[in-house]
Amino acid sequence: MAQDWVLSQPVGSISETIIDSNNNKTENDNEAVYSYSNKGLLDKVTVIKNGEIINILYKYDPNGNLLKKTTIKSLLSGNKVYEGIYSQKVAGYQIPKNSFFSIYQTFVVEPEKAYQVSGYINVQMLKHSKFQMYIDFYDSNGSIVGSNIADYKKVDGTFEKFENTGVTPSSAVIATLHFLIRAEEEEAAGGFHVDNTAFYYK
């Protein structure tokens with residue numbers, strides 16, 4: 001499950017999603033990286049300072065007038081990969097309250113089987129949000145027939161195994177696994193790496 005993640009983000013949020021590597025360049029202190037919206041407006045400036053990532057976010061009205069500038073700090077992760085060469089890096093900003101920002105994969109499952117789902121998670125930042133692992137099960141008509149949800153609260157920039165167990169519902173034929181940032185307040189944000197993810201029957 002190392003590839004083929006799909007990004008799901010609410011309207012108005014800002015996304016950052018890349019395949020990361022320990023060999024990827026890390027910006028030097030005070031070196032700024034600029035991100036722009038599809039309208040050509042400055043969305044985000046990222047600067048590393050004193051071992052922290054400082055994200056400066058810009059919010060505009062429909063006419064392109066600046067409404068607000070917000071600063072969110074994130075941990076600078078020393079290790080971007082748990083095992084192998086690559087990991088998936090995801091960050092979302094300005095997430096509306098009660099919305100979520102996620103990556104997901106969909107796959108075939110067998111009914112009434114005990115399973116375990118896991119991934120190695122490295123959360124660098126949560127603001128007005130929580131990190132969750134969702135697995136939703138669907139029947140042959142596409143109706144949801146069950147879910148399994150786990151919350152993860154550790155934010156320290158290191159990898160840790162995050163797992164959950166259950167039994168696939170009797171009518172399940174496919175499942176969708178999400179790693180997501182759920183907003184608990186307006187303009188929420190979160191950032192994480194996920195690596196070495198697996199779904200298997202016990």
Side-chain angles (χ1 to χ4, degrees), residues 1-20 37-39 43 82-84 86-154 159-202:
M1 304 181 75
Q3 300 177 21
D4 302 323
W5 291 106
V6 179
L7 176 67
S8 175
Q9 70 178 103
V11 174
S13 64
I14 300 171
S15 69
E16 178 187 355
T17 174
I18 62 169
I19 302 296
D20 211 350
S37 71
N38 54 13
K39 295 180 179 179
D43 265 345
Y82 172 75
E83 185 177 70
Y86 302 108
S87 71
Q88 177 73 58
K89 179 184 178 182
V90 179
Y93 306 89
Q94 296 182 354
I95 307 168
K97 184 177 181 180
N98 298 324
S99 297
F100 66 88
F101 186 101
S102 81
I103 55 170
Y104 68 90
Q105 288 191 35
T106 299
F107 48 93
V108 175
V109 294
E110 298 178 35
E112 298 183 319
K113 286 198 127 183
Y115 68 86
Q116 181 164 313
V117 59
S118 65
Y120 283 84
I121 305 301
N122 179 342
V123 180
Q124 294 97 35
M125 175 259 297
L126 290 174
K127 180 187 177 186
H128 305 318
S129 63
K130 60 183 175 181
F131 180 84
Q132 295 180 304
M133 178 170 61
Y134 260 68
I135 184 164
D136 293 326
F137 296 95
Y138 299 86
D139 64 16
S140 57
N141 297 315
S143 299
I144 193 164
V145 292
S147 295
N148 193 342
I149 304 165
D151 292 352
Y152 184 86
K153 297 182 169 64
K154 191 173 179 181
F159 278 97
E160 183 173 281
K161 191 174 186 179
F162 183 33
E163 61 188 356
N164 208 351
T165 59
V167 176
T168 56
S170 60
S171 56
V173 294
I174 62 170
T176 301
L177 173 65
H178 294 261
F179 289 100
L180 62 89
I181 304 294
R182 181 168 298 280
E184 298 179 307
E185 300 292 340
E186 292 295 337
E187 298 185 9
F192 62 93
H193 284 78
V194 59
D195 194 10
N196 203 19
T197 305
F199 175 93
Y200 56 90
Y201 298 112
K202 297 175 69 177

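Since the structure is predicted, the reported quantities are computational estimates derived from the model, not experimental observations.
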side-chain contact (heavy atoms from CB on, under 4.5 Å) assessment of His193 paired with Gln124: CA-CA 8 Å; His193 284 78; Gln124 294 97 35; 3.0 Å; yes
Which residues share a side-chain hydrogen bond (donor to acceptor under 3.5 Å, both in side chains) with Glu163, sequence neighbours left out: Gln116
Stepwise side-chain contact (heavy atoms from CB on, under 4.5 Å) test for Ile144 and Phe137: CA-CA 6 Å; Ile144 193 164; Phe137 296 95; 5.9 Å; no
Side chain Asp195, main chain Tyr82, donor-acceptor under 3.5 Å: yes
Ring pair (Phe, Tyr, Trp, His ring centres under 6.0 Å) partner of Phe179, the single match among Tyr120, Tyr152, Tyr134, Trp5: Trp5
4.5 Å side-chain heavy-atom contact, Asp43 and Tyr93: no
Donor-acceptor side-chain pairing of Gln132 and His178 below 3.5 angstrom: no
Minimum heavy-atom distance between Tyr201 and Val108, given as atom pair plus value: OH-O, 4.4 Å
Euclidean distance, Lys89 NZ relative to Asn122 CG, rounded to 0.5 Å: 10.0 Å
Spacing of CZ belonging to Phe100 relative to OG belonging to Ser8, to within rounding of 0.5 Å: 5.0 Å
Residue among Phe199, Tyr200, Tyr115 satisfying ring pair (Phe, Tyr, Trp, His ring centres under 6.0 Å) with Phe107: Phe199
His128 vs Glu187 side-chain heavy atoms within contact, under 4.5 Å: no
Check: Leu7 and Phe101 side chains under 4.5 Å, non-hydrogen atoms: yes
Thr176 and Tyr138: CA distance, side-chain angles, deciding distance, side-chain contact (heavy atoms from CB on, under 4.5 Å) verdict: CA-CA 8 Å; Thr176 301; Tyr138 299 86; 3.7 Å; yes
OG-CD distance between Ser99 and Glu186, expressed to the nearest 0.5 angstrom: 8.0 Å
Aromatic ring proximity Phe192/Phe162, centre distance under 6.0 Å: no
Distance in Å, Glu184 CD paired with Asn98 CG, rounded so as to fall on 0.5 Å steps: 9.0 Å
N/O donor-acceptor pair under 3.5 Å between Asp139 side chain and Asn141 backbone: yes
Leu180 CG to Lys130 NZ distance, which is reported to the nearest 0.5 Å: 9.5 Å
Closest approach of Val194 to Ser87 (non-hydrogen atoms, all atoms of both residues): O-CB, 3.6 Å
Rounded distance [0.5 Å steps], CD in Gln88 versus OG1 in Thr197: 9.5 Å
Any donor-acceptor N/O pair, Thr168 side chain to Lys113 backbone, under 3.5 Å: yes
Closest heavy-atom pair and its distance - Ser171, Val145: OG-CG1, 3.5 Å
Heavy-atom side-chain proximity of Arg182 to Ser129 below 4.5 angstrom: no
Worked check of side-chain contact (heavy atoms from CB on, under 4.5 Å) between Leu177 and Val117: CA-CA 9 Å; Leu177 173 65; Val117 59; 3.7 Å; yes
Short side-chain donor-acceptor distance under 3.5 Å, Tyr104 and Asp136: no
Residue pair Ala150 / Asn164: nearest heavy atoms and the distance that separates them: CB-ND2, 3.4 Å
